[in-house]
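Just the heavy atoms: all of them, side chains too, but no hydrogens, waters or symmetry mates, feed the values below. Treat the numbers as computed from the prediction; the structure is a model and nothing was measured.
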Amino acid sequence: ISALAKTQPPASPGHTAATTPHMDTYKLAISRIGIATTMTIPKSIATRDVLASLKNGVGLYPASSPPGHPGRAIVLGHSARAYAFTLLQMTAVGDRITITEGSKEYIYEVFEKSILSPEATDRILNGPLSAESELALITCWPTGNSAKRVLVRARLLSPGALTSIQ
């Protein structure tokens, strides 16, 4: 977490931690592996605030882009037993990840899953951003241990994937 705080580029223009939606406005689901959780936004990039956001689900790293916007939305979660990302390593290329924000639904498709060192994960996350909307889900690996990271990367399927729920 601390390495991300030092090197992650700021959120998309107009979407800083202060202007990103408030706590509990997002829901994240990966139906194939049974993940359905609340995604909160920490008050700051301070480690204590980021860790506090993981108590009841997962946290959208506040210096990353919001879901559905150009850039990379970084979502952090614990892997220990009974936490939201315990089964994240079961994700496969092609899986769909749904993020709901109020009446909007963003559907992403997994294009890469890796198990990496924390340093390698930071290098990928701090690499160049594209104009596309990308999602990066991160948890520790093996379960309950911080030796490595599971990194799942997904892209917004298309502008047409942004729908309103009726």
Subject >> Option from L60, T98, V75 for which side-chain contact (heavy atoms from CB on, under 4.5 Å) with L28 holds >> reply: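 When L60, T98, V75 are each tested with L28, the side-chain contact (heavy atoms from CB on, under 4.5 Å) holds only for V75.
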
With heavy-atom distances below 4.5 Å as the criterion, would you say the side chains of [X] and [Y] are in contact?
{"X": "P62", "Y": "K43", "result": "no"}
{"X": "T47", "Y": "D49", "result": "no"}
{"X": "L156", "Y": "Y106", "result": "yes"}
{"X": "F85", "Y": "I35", "result": "yes"}
{"X": "I107", "Y": "I97", "result": "no"}
{"X": "V150", "Y": "L137", "result": "no"}
{"X": "V50", "Y": "L76", "result": "yes"}

**OP:** Only counting residues at least two apart or in another chain, list the ones meeting side chain to side chain contact (heavy atoms under 4.5 Å, CB included) with A120.
**Re:**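 So A120 forms a side chain to side chain contact (heavy atoms under 4.5 Å, CB included) with L116, S117, R123.
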
Original post:
Taking only residues two or more places apart in sequence, or in another chain, which ones meet S146 in a side chain to side chain contact (heavy atoms under 4.5 Å, CB included)?
Top reply: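 Here the qualifying residues are C140, R149.
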
Polar side-chain atom of [X] near backbone of [Y] as donor-acceptor pair, under 3.5 Å:
{"X": "T40", "Y": "S53", "answer": "yes"}
{"X": "S114", "Y": "L151", "answer": "no"}
{"X": "S79", "Y": "T86", "answer": "no"}

**OP:** Would you check, one step at a time, whether the test side chain to side chain donor-acceptor pair (under 3.5 Å) holds for K27 with T37?
**Re:** CA-CA 6 Å; K27 301 292 181 195; T37 189; over 6 Å; no

**OP:** Indicate if I124 and F111 have the same hydrophobic cluster label, given that clusters are the connected sets of ILVMFWY residues with side-chain heavy-atom separations under 4.5 angstrom.
**Re:**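 The answer is no; the residues belong to distinct hydrophobic clusters.
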
**OP:** Verify the cluster assignment for I115 and L87: are they in a single hydrophobic cluster under the rule of side-chain heavy atoms below 4.5 Å apart?
**Re:**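 Linked within one cluster.
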
Hey, could you give me the [atom1]/[atom2] distance between [X] and [Y], rounded to the nearest 0.5 Å?
{"X": "I33", "Y": "M90", "atom1": "CD1", "atom2": "CE", "value": "7.5 Å"}
{"X": "Y83", "Y": "T139", "atom1": "OH", "atom2": "OG1", "value": "11.0 Å"}
{"X": "H78", "Y": "L88", "atom1": "NE2", "atom2": "CG", "value": "13.5 Å"}
{"X": "K148", "Y": "W141", "atom1": "NZ", "atom2": "CH2", "value": "11.5 Å"}
{"X": "T121", "Y": "I74", "atom1": "OG1", "atom2": "CD1", "value": "11.0 Å"}

Original post:
Got a sec, which residues hit side chain to side chain donor-acceptor pair (under 3.5 Å) with E132, two or more places apart in sequence or on another chain?
Top reply: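 E132: side chain to side chain donor-acceptor pair (under 3.5 Å) contacts with R155.
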
Original post:
What residues form a side chain to side chain donor-acceptor pair (under 3.5 Å) with S133, not counting sequence neighbours?
Top reply: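 Partners of S133 under the side chain to side chain donor-acceptor pair (under 3.5 Å) test: Y108.
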
Original post:
Which heavy-atom pair separates P70 from S65 by the least distance, and what is that distance?
Top reply: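 Here P70 and S65 meet closest at O-OG, 3.1 Å.
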
Subject >> Heavy-atom closest pair, residues V58 and A84 >> reply: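 Minimum heavy-atom separation between V58 and A84: CG1-CB, 3.7 Å.
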
Original post:
Step by step, would you call I41 with Y61 a side-chain contact (heavy atoms from CB on, under 4.5 Å)?
Top reply: CA-CA 7 Å; I41 303 165; Y61 190 69; over 6 Å; no

**OP:** Apply side-chain contact (heavy atoms from CB on, under 4.5 Å) to the pair N145 and T143, showing each step before the final yes or no.
**Re:** CA-CA 6 Å; N145 184 310; T143 301; over 6 Å; no

Subject >> With sequence neighbours excluded, residues passing salt bridge (charged side-chain N to carboxylate O under 4.0 Å, His left out) with R32 >> reply: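 Salt bridge (charged side-chain N to carboxylate O under 4.0 Å, His left out) check on R32 returns D95.
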
**OP:** Sorted by first residue and then second, give each salt bridge (charged side-chain N to carboxylate O under 4.0 Å, His left out) pair with at least one member in residues 106-120; sequence neighbours left out.
**Re:**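 Passing the test, one end in residues 106-120: R96-E109, E112-R153.
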
